[in-house]
Amino acid sequence: MNEMTLKLLASTYTALILAGRRHIDDVPANLLAYVQTDLDIVNGSVLHKD
């Protein structure tokens with residue numbers, strides 16, 4: 001899969017996690033880093049890292 005497709009799938013998983021329909025443990029290994037980054041951005045932790 002190309003990177004654009006991976007990011008799209010990761011965004012979908014992120015939305016499902018935020019909606020409470022999926023858990024981080026449901027994310028396939030190849031998407032985990034992308035989903036974690038998306039969740040960090042949503043939670044603001046990327047903006048506040050030192």
Solution key, residues 18-28 side-chain donor-acceptor pairs under 3.5 Å, sequence neighbours excluded:
unit_1	atom_1	unit_2	atom_2	d
H23	ND1	D25	N	3.1
H23	ND1	D25	OD2	3.3
D26	OD2	H23	N	2.9

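Looking only at side-chain heavy atoms (C-beta outward), M1 and L9 come within less than 4.5 Å of each other.
L32 and I17 fall within a single hydrophobic cluster, where Ile, Leu, Val, Met, Phe, Trp and Tyr side chains are chained together by heavy-atom contacts under 4.5 Å. Hydrophobic clustering (ILVMFWY, side-chain heavy atoms < 4.5 Å, transitive): Y13 and L6 are in one cluster. L8 and V42 are members of different hydrophobic clusters when ILVMFWY side chains are connected at heavy-atom separations under 4.5 Å. Y34 and L16 end up in different hydrophobic clusters when Ile, Leu, Val, Met, Phe, Trp and Tyr side chains are linked at under 4.5 Å.
Inspection of the N2 and T5 side chains reveals an N or O donor paired with an N or O acceptor under 3.5 Å.
Note that NZ of K7 and OG1 of T14 are 12.5 Å apart. Values are rounded to the nearest 0.5 Å.
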